[in-house]
Amino acid sequence: MILQITALCLFFCSVCSFTIHASVKKTDEYSGNSIEDDELSVSTLIEKANVNVGKNLDDPLVLFGDIAVPTGFQNADPCTFRGCLWPKSRDGNVYVPYRISNQYSQRERNTIVQGLRSFASSTCIRFTPLNRQRDFLDIQSRSGCFSFVGRRGSGQTLSLQRQGCIFRSIIQHEVLHALGFNHEQTRSDRDQHVRILLQNVIPGMEHNFRKIQTRNLNTPYDYNSVMHYGRFAFSRNRQPTILPIPDGNVAIGRAEQMSPIDILRVNRLYRCNSTLSRPDPEPVPRNLFL
Ligand SMILES: [Zn+2]
């Protein structure tokens with residue numbers, strides 16, 4: 001508990017020191033990769049929406065930009081080895097129950113539902129309205145956009161703030177966290193693909209660039225992943241914080257939706273082509289999924 005409070009205080013202070021300079025106009029030496037060009041990158045949108053995260057004591061501790069952490073400063077390690085996958089049904093689909101708060105307008109709700117539904121066309125993930133299941137995504141407009149990594153047990157908050165988070169890219173990004181995925185630039189092999197410029201990172205925000213022993217599922221590093229930060233993420237001085245290597249001019253973190261590799265990973269992690277692994281004893285009525 002003391003650790004939690006300490007962590008919360010530390011994070012609160014670091015959030016307070018964080019300001020956005022997006023209104024200042026200036027280009028840098030990376031043609032087509034200026035900070036203005038990154039205005040709509042997932043990480044820029046999330047950074048803006050999350051400027052007040054941590055100020056509300058009811059909110060969970062949020063680290064790594066938008067990952068909710070259950071206790072203290074524990075790393076958001078991939079938990080998929082330890083049982084945080086959502087269970088697979090006998091029919092080969094993975095049914096993920098959800099509830100959407102009534103805080104949203106019909107239009108916002110539709111956008112969220114479309115974001116959830118987008119997984120059904122390319123993966124075996126099926127989002128299904130909550131119907132007495134124990135574990136579910138509790139989609140609410142809290143302060144900012146954030147999610148836990150993987151299934152946490154019982155209702156888990158997935159926050160999509162009405163102002164700033166209702167975009168397809170962000171909905172898919174937060175849902176991918178809930179399915180068990182981390183940010184692309186925290187991948188175990190990221191140093192072969194990007195250089196992190198910690199000298200340009202806002203003091204106190206360095207943890208966002210910590211490397212994690214991820215399961216990479218035999219998929220290549222993907223600059224176009226919807227889980228990849230933009231090159232100016234958490235920059236304190238309008239200089240890049242992430243540079244692709246060897247070619248620093250390659251665009252990164254600009255995805256507006258899941259990339260083909262994001263989709264491949266979901267299919268691999270949940271063995272979408274197999275109906276044999278880890279059957280769920282409780283089949284879900286087929287007409288309920290999205
Ligand atoms: Zn994230």
Side-chain angles (χ1 to χ4, degrees), residues 11 14-15 18 20 38 40-54 59-70 73-80 84 112 115-116 118-119 137 139-152 156-161 164-188 190 194 196 201-202 205-212 214-216 221-235 241-242 252-259 261-263 265-266 269:
F11 184 69
S14 62
V15 167
F18 168 55
I20 292 185
D38 260 26
L40 291 178
S41 78
V42 170
S43 57
T44 304
L45 292 170
I46 290 174
E47 263 188 79
K48 284 183 183 175
N50 286 9
V51 71
N52 288 318
V53 161
D59 288 336
L61 178 62
V62 175
L63 294 176
F64 312 105
D66 65 330
I67 296 177
V69 186
F73 262 136
Q74 77 189 50
N75 205 341
D77 286 329
C79 50
T80 50
C84 76
I112 294 170
L116 297 177
S118 66
F119 284 78
L137 295 183
I139 301 174
Q140 306 171 40
S141 175
R142 303 277 282 265
S143 180
C145 339
F146 59 81
S147 170
F148 290 92
V149 171
R151 179 176 58 90
R152 306 302 316 184
Q156 65 186 72
T157 302
L158 189 157
S159 175
L160 297 170
Q161 189 180 325
C165 305
I166 312 296
F167 299 97
R168 168 171 283 225
S169 57
I170 292 184
I171 295 164
Q172 290 181 335
H173 179 106
E174 301 304 340
V175 167
L176 283 168
H177 280 319
L179 291 175
F181 292 94
N182 282 288
H183 294 136
E184 189 73 355
Q185 76 282 348
T186 64
R187 256 173 77 127
S188 55
R190 67 106 187 271
V194 291
I196 305 297
V201 174
I202 300 164
M205 289 291 169
E206 296 87 351
H207 65 266
N208 288 293
F209 301 91
R210 223 179 272 161
K211 210 158 53 171
I212 298 174
T214 47
R215 296 174 68 186
N216 300 328
Y221 191 92
D222 183 12
Y223 296 134
N224 297 314
S225 167
V226 79
M227 304 306 280
H228 204 302
Y229 278 2
R231 70 180 58 225
F232 300 97
F234 296 100
S235 176
T241 54
I242 308 175
I252 59 171
R254 298 268 190 87
E256 290 175 6
Q257 58 182 348
M258 285 194 288
S259 71
I261 293 173
D262 286 326
I263 291 168
R265 277 178 203 145
V266 173
L269 186 61

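Ligands are counted one by one from 1 in listed order, and the atoms in each one are counted from 1 as well.
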N/O donor-acceptor pair under 3.5 Å between Thr241 side chain and Ala233 backbone: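 Between the backbone of Ala233 and the side chain of Thr241 there is a qualifying donor-acceptor contact (under 3.5 Å).
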N/O donor-acceptor pair under 3.5 Å between Arg190 side chain and Phe209 backbone: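 Indeed, once roles are kept as given, a pair shorter than 3.5 Å links the two residues.
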Non-neighbouring partners of Arg265 that pass side chain to side chain donor-acceptor pair (under 3.5 Å), sequence neighbours left out: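 Residues passing side chain to side chain donor-acceptor pair (under 3.5 Å) with Arg265: Glu184, Thr219.
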Of Asn208, Val42, Ile252, the residue whose pairing with Tyr229 passes side-chain contact (heavy atoms from CB on, under 4.5 Å):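 Testing each of Asn208, Val42, Ile252 against Tyr229, the sole residue satisfying side-chain contact (heavy atoms from CB on, under 4.5 Å) is Asn208.
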The Zn ion (ligand 1): protein N, O or S atoms [distance under 2.8 Å]: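 Correct list: Asp66 OD1, Asp66 OD2, His173 NE2, His177 NE2, His183 NE2.
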Worked check of ring-ring contact (aromatic ring centres under 6.0 Å, His included) between Phe146 and His177: CA-CA 9 Å; Phe146 59 81; His177 280 319; over 10 Å; no
Heavy atoms of other groups near Glu256 CD, more than 12 under 6.0 Å: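 No.
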